[in-house]
Every structure is written in structure tokens, then in C-alpha cells.
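Structure first, commentary second.
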2 protein chains.
Amino acid sequence: MSVTNAPSPWRLRAEERLTDAGYRRGGARTALLDLLAAQGCARTALEMEDELRAQQRPVGRASIYRVLDELEQLRLVQRIEVGQGIARYERLAPDHHHHHLACAECGELVPFTDDALEQAIARLSAKAGFEVTGHDVVLHGRCPACARR
Amino acid sequence: MSVTNAPSPWRLRAEERLTDAGYRRGGARTALLDLLAAQGCARTALEMEDELRAQQRPVGRASIYRVLDELEQLRLVQRIEVGQGIARYERLAPDHHHHHLACAECGELVPFTDDALEQAIARLSAKAGFEVTGHDVVLHGRCPACARR
DNA sequence: TTTTCTGCAAACTGTTTGCAAAGGC
DNA sequence: GCCTTTGCAAACAGTTTGCAGAAAA
């Protein structure tokens, strides 16, 4: 049985952009692209290392950081920080844009989207003196499970 | 000559809340409160250490982290992360609420406020399943100086 | 005089870097 | 065959922790 689904638009774009930028194909990079394409919400580099090892596709830690860094430069992934000083990464795609609710107690991360928010940010980005290339919003609080305790 | 201005409302509230929580007064805590009360925008713990040393009021690094942590618990300071994996802290007060534009190249941090943004977030916070206690927004990009290069 | 606060140094943890071997083109 | 990519181990940087002495109440 095959575990490979048809490559997602993000996955295809990633492959293309990497080639255009002069990168070669490598095992570590491919494994990470597969993981990122399938993953639902932002993960840490160390979580990815564990997942890849669990999938019998172990990738060196340094390679994970290096590849994530390249992908960030090429705007294929977004790096976010939700408060514990640990970087998290998720793919950057028009159909995947969202923000996060972060539980301060258990660390749970819940994605959400909101048009009014995006509009406010778009307006702001246009009038800011900066050349704005991205943004992120984090709502901090307690998830229902932790609030009940 | 005295360098001490009249204590700000934030400073007074901090003092009161610390006492209520059962904390004693100590040199390190006082020095940090003075610094935070005077500081314009979010700083890192290490920057604060340097500034305190420059002011001839050196404070141990561990104490800086410990005090900042207490102040965060008491909601007297807000901890933010703008992308380099380093925590920054600034006082939390109604008249000091703002968000940040962060330059990816030089690291410059520029504060801004926006009503439409706050309204969108307020609406979101109310309808989110979470008990939302705070939020932060970071616009990433390049500052005018770096964009010119 | 009791308890908290502080500073120092060591430990930790996530991230980065140097280098030699493996792998793509 | 040349040059990139990879993994390993060591180095790093920010943060946390243990502990003994100083300071507050």
C-alpha cells in the first residue's frame, strides 16, 4: 500500500521554488517537505524530529533547522512564536493562513481565521512606514479544559 | 540633584499589587520597576541587565528573570516575542497598550496602535472558546532604512 | 529571628556551526 | 568530478535552578 497522496499545490510550489533558487534534492529536505505538507498546525523543530524518527525517516537535527530556515527565506514556511520561547513552523499558503489561540497552561494551540482582523491588518500594513511582509496574531488565554480546573 | 520623578500610576499599582501578593521590597525588584516604568518599548532581559549595570545599579541576571516572571504573573508586565527567539518585556498598562512592527534585518521595533485592530480582536476574544487574557500582534517586514539598501 | 530576596555559578534547552562523509547532477 | 546536502558533535545563547549569604519585616 502506498502512503503517498497526490502532491498538494503547496508541495509543488515548494519544489519549484527550491529548484529555481538553485537547491538540489536531498533526503532530509524531501522528508521535511512531506511532513510540512501534511501537518495541520505549527510544530516545533524538535517535534518534527520526533515525528520523522517515528516515521522511520530520521533526519539530523541540524538539517531540520537548516531546511526550515531555507524554507522560511523562500516564504514557503512561516515561523511563529507563541510564548514559550520555542519556534514553531508551518507551511505558508493562501489557503492555510490563520492565527492562533494559545493556552498558557497546557500549551494547546488552536488555529482560527477572521476577516475583520485581516482587513484591519491589511489597512495597517499599507499605511505603516515599513515594507510589511507578514504578520502574526496570538491570543493568549486558557483553553476550556484548563479553565474548568 | 534627584533623578526620581513622581511615581507613575503603573509604578504605584505595581507596588500595591506586589505587597498584596505578599512580596517584600528588595533592591533588585525596585531597580527593575524603576527601569520598566521609564522604558518606552519592549526590551530583553539582557538589555535590562546592561542598562542597570550602566546606571550603577547592577542586578544579577537570575534576579532579573525571576522578577520579570513574578511581574508577568501579576499582569504588571507583558512578555512578547518578535521573532529572534528572545523574550522581550514591557509594562502592561491601559495607557501603554500597543503592538509592534519588527524589522527582520536590523531588529528595530516600532510600536503602533490601531482601533480597528483592537475592535476586531475584542470581538474575536469574546466569541473564542478560550478565556482570553491577552493578545499580541506583530507585523514583520523591513524598516525604511533597511528597505533603502 | 524568621522568611524572603539576591547573586553567583552551574545546569539546561533550543539553536547554530564546523567539518568530514554521502549524495545529487 | 564538482559542489551541495547531510549527520554528528561541539559550541552557543538565552533562561532556569540550587544554594549560601544578605536583607526585609
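Labels below follow one simple rule: chain letters A, B, ... track the order of the sequence lines, proteins then strands, and each chain is numbered from 1. As a basis for the values below, the full set of heavy atoms in this structure was taken, side chains included, without hydrogen atoms, waters or symmetry mates.
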Legend entry - Atom pair distance, as rounded to whole Å: CG in B:Leu18 and P in C:dT6: 11 Å
Inset, instruction - Ignoring the backbone of B:Tyr23, work out which of D:dC19, C:dT16, C:dC5 is nearest its side chain. - result: C:dC5
Legend entry - Atom of A:Glu90, atom of A:Gln39 and distance for their closest heavy-atom approach: CA-NE2, 3.7 Å
Inset, instruction - Could you state the atom-to-atom distance from CD of B:Glu70 to P of C:dC5 in whole Å? - result: 6 Å
Legend entry - Electrostatic pair A:Arg53-A:Asp50, nearest N-O below 4.0 angstrom: yes
Legend entry - Any side-chain donor near an acceptor of the partner, A:His100 and A:Glu108, under 3.5 Å: no
Inset, instruction - Can you tell me the distance, in whole Å, between the CZ atom of A:Arg79 and the P atom of C:dT15? - result: 7 Å
Inset, instruction - Starting at atom CZ of B:Arg61, determine the distance to atom P of C:dC5, rounded to an integer number of angstrom. - result: 22 Å
Inset, instruction - Could you say whether B:Arg25 or B:Gly85 is positioned toward the 5' end of DNA chain D, judged by the nucleotide with the nearest heavy atom to each? - result: B:Gly85
Inset, instruction - Could you check whether A:Ala62 gets within reach of a base, just the sugar-phosphate, or nothing at all, counting any heavy atom under 4.0 Å? - result: base
Inset, instruction - Have a look at A:Gly27 and say if it touches a base, only the backbone sugar-phosphate, or nothing, with a 4.0 Å heavy-atom cut-off. - result: sugar-phosphate
Inset, instruction - Would you mind telling me which of D:dG7, C:dT6, C:dG14 lies closest to the side-chain atoms of B:Val67? - result: C:dT6
Legend entry - Spacing of B:Tyr65 atom OH relative to D:dA13 atom C1', expressed in whole Å: 9 Å
Legend entry - Spacing between A:Ile64 atom CD1 and C:dT17 atom C1', to the nearest angstrom: 16 Å
Inset, instruction - Select base, sugar-phosphate, or nothing to describe what B:Arg29 touches, counting heavy atoms under 4.0 Å on all strands. - result: sugar-phosphate
Legend entry - Distance flag, aromatic centroids of B:His97 and B:His135, threshold under 6.0 Å: yes
Inset, instruction - Nearest whole angstrom, please: distance from the P of C:dT13 to the CD of A:Glu47. - result: 16 Å
Inset, instruction - Starting from the 5' end of DNA chain C, give me the residue, A:Ala45 or B:Arg66, whose nearest nucleotide shows up first. - result: B:Arg66
Legend entry - Sugar-phosphate only, base, or nothing, as touched by B:Arg24 at under 4.0 Å among non-hydrogen atoms: base
Inset, instruction - Nearest 0.5 Å please: distance from the CG atom of A:Asp136 over to the CD atom of A:Glu81. - result: 8.5 Å
Legend entry - For atom CG of B:Asp69 and atom P of D:dT16, their distance in whole Å: 7 Å
